[in-house]
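This report refers to the structure that appears directly beneath it.
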Amino acid sequence: MPVLKRHGEELAWVLKDKINSRSAVVAVVGLGYVGLPMAVEQARAGFPVVGIDRDEKKVEQVNSGHSYIRDVPGEVLQTLVKGGRLRAHHSFDPLGGADVVIICVPTPLKSMKQPDLSFVISAAGEVAGRIRPGQLISLESTTFPGTTQEIVLPILQSGGYTAGEDFFLVFSPERVDPGNKCYTAPDISKVVGGVTPVCLDVACAFYRQSIKKVVPVSSPAVAEMTKIFENTYRAVNIALVNEFMLLCDRMGLDIWEVVEAAATKPFGIHTFYPGPGVGGHCIPVDPFYLAWRARDYGFHTRFIDLAGEINAQAPEYVVQKLIGLLNRQKKCLNGAKILVLGVAYKKDVDDVRESPATKIVGLLLKNGAAVSYYDPYVPVFRLSQKEAHCLESVPLSAEEVAGADCVLILTDHSCVDYQWVVEHAGLILDARNATRAVRRGREKITRI
Ligand SMILES: NC(=O)c1ccc[n+]([C@@H]2O[C@H](COP(=O)([O-])OP(=O)(O)OC[C@H]3O[C@@H](n4cnc5c(N)ncnc54)[C@H](O)[C@@H]3O)[C@@H](O)[C@H]2O)c1
């Protein structure tokens, strides 16, 4: 007697066939730092891709082959758009024709550090309104354990379809590291948790087309927790080294020398470096998604709170260090000319979200300093939502560097010639050890 397949398994077979033949249409919702590279990666893997974003400007830019994400080369985007492999839309209607829907919308914090899931809920609602049998839906936005099962699933099932039977739902965290040239999307293993075993099976079949290693886990909540664990691990270890930075300063020791010496141990240590604070859409945000969720279980995530507290002290420490340096020159911060090098939250990216530079430049201005900045990737730096708080990047000229009472390095972009900067500067405070290779003029440099 032939074994009859269940409805969900039949739909899974059909979708896997489409995936294997690369005829499945992939829709990416949210074309930001994560979504645009993902859309490009899928199109390069051979899938027809539609990108959907609420921001009409981004849609226009994609369709004219203009990349606004540094990790996506314009030529690659142009080739895919011209070849009809990728098309962006402002309307959500193309979702109806998609076989695979990947959701990459923001998951920021509200003012009191509570999760703001409004983007996820709104995107899930748009998908639910157009859902059809046989679709795979993957949430990739970072969020707390339980979101896929408790929030997204009911929205998608509200029209009467059932996950695992009529459509397939998984959570698979995006783990890309913007600006990282060594590990790009295909090299970063993909963790996937399905709402049912069939959901997991279909999603693994899909991700294996473009990613070298797929790691199935037992549930969406495990996949959600995995991503937050990774980012909390970074937040806590950065806080640890930042706390050592504060203590080393009191004890007259050089934290960089300590960290570099410790890094020579061939086992048992993974090196994290001190800095002016944490930034970006992940490290300062994601752990607090978990801290908030943990409260439902009567649990206080002490490491997360402590790491947040210590990392938040780093910008003020940088300003205090700068005040001390100026003092030794018999100068005060009020009226001092400070040239900030780099305002992006980390090297070689243009992202200023949660950048410690926002806090530091704000404190410098508040204390009467005349601040200018140079960042090759950030032409305009918005200190607040108010238009009046915008600064424009100045050219990195010898006059600009020599005219500053202190050059403050906040981001160690690789394209800057730090030896040249040191030669022209009078005084440098280096918050990133960007000047580590500088040989001449080291007496002008102080590291945090
Ligand atoms: N940036 C990173 O380095 C990184 C790395 C890994 C994971 N993540 C996670 O990925 C998610 C996305 O982050 P990002 O940095 O790409 O954000 P982003 O702000 O750069 O991009 C999000 C995009 O989604 C669009 N959008 C918002 N709501 C929408 C909706 N309802 N429908 C369609 N489009 C909508 C926005 O216009 C924007 O273009 C977040 O959860 C983040 O935590 C980010």
Side-chain angles (χ1 to χ4, degrees), residues 27-41 50-63 66-72 88-95 98 101-109 115-130 137-145 147-148 151-152 155-156 171-180 183-185 188-191 211 223-224 226-235 278-290 344-355:
V28 177
V29 181
L31 297 173
Y33 284 96
V34 162
L36 185 61
M38 163 63 71
V40 165
E41 214 48 59
V50 291
I52 295 171
D53 203 291
R54 290 204 307 207
D55 182 339
E56 285 189 56
K57 197 169 159 216
K58 282 186 180 153
V59 169
E60 272 168 36
Q61 284 176 304
V62 171
N63 289 337
H66 174 80
S67 176
Y68 46 85
I69 301 287
R70 276 182 47 76
D71 287 344
V72 174
H89 301 263
H90 183 241
S91 157
F92 288 84
D93 288 339
L95 285 176
V101 179
I102 302 173
I103 301 175
C104 306
V105 296
T107 43
L109 289 170
D116 177 359
L117 281 184
S118 59
F119 300 94
V120 170
I121 291 170
S122 147
E126 298 290 355
V127 177
R130 294 160 182 87
I137 295 142
S138 176
L139 177 63
E140 295 212 2
S141 301
T142 309
T143 182
F144 55 78
T147 307
T148 306
I151 295 171
V152 175
I155 297 174
L156 296 181
F171 180 81
S172 180
E174 180 52 70
R175 303 160 99 191
V176 76
D177 180 20
N180 191 326
Y183 299 103
T184 55
I188 304 168
S189 47
K190 199 88 178 94
V191 172
I211 287 158
E224 288 159 340
T226 303
K227 170 71 186 183
I228 297 202
F229 174 65
E230 291 163 9
N231 284 352
T232 303
Y233 170 84
R234 285 193 65 73
V278 289
H281 191 357
C282 296
I283 310 293
V285 175
D286 303 345
F288 293 101
Y289 266 64
L290 184 62
Y345 83 90
K346 69 170 184 173
K347 72 192 258 182
D348 303 337
V349 303
D350 58 3
D351 194 351
V352 294
R353 290 177 296 178
E354 313 288 333
S355 174

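Note that ligands are numbered from 1 as they come in the structure, with each ligand's atoms numbered from 1 the same way.
For Arg175 (side chain) and Lys227 (main-chain N/O), no donor-acceptor pair under 3.5 Å exists by modelled atom type. With hydrogens and angles ignored, the 3.5 Å screen pairs a side-chain donor or acceptor of Lys190 with a backbone N or O of Pro173.
Side-chain contact between Ile69 and Tyr33 is present, with heavy atoms from C-beta onward closer than 4.5 Å. No side-chain heavy atom of Tyr345 sits less than 4.5 Å from a side-chain heavy atom of Ile283.
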Write out each pair where an N or O from ligand 1 and one from the protein are under 3.5 Å apart, with the distance.
residue	atom	partner	partner atom	Å
ligand 1	15 (O)	Arg353	NH1	3.3
ligand 1	15 (O)	Arg353	NH2	2.9
ligand 1	16 (O)	Tyr33	N	3.1
ligand 1	16 (O)	Val34	N	2.9
ligand 1	17 (O)	Arg353	NH1	3.4
ligand 1	19 (O)	Arg353	NH1	3.3
ligand 1	20 (O)	Tyr33	N	3.0
ligand 1	31 (N)	Ser122	OG	3.2
ligand 1	37 (O)	Asp53	OD1	2.6
ligand 1	39 (O)	Asp53	OD1	3.4
ligand 1	39 (O)	Asp53	OD2	2.6
ligand 1	39 (O)	Lys58	NZ	2.7
ligand 1	41 (O)	Thr107	OG1	2.6
ligand 1	41 (O)	Thr142	N	3.0
ligand 1	43 (O)	Thr142	OG1	3.3

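Among the candidates Thr107, Asn231, Thr143, the single residue satisfying the side chain to side chain donor-acceptor pair (under 3.5 Å) test with Asp286 is Asn231.
Residues satisfying the salt bridge (charged side-chain N to carboxylate O under 4.0 Å, His left out) test with Asp177, not counting sequence neighbours, are Lys346.
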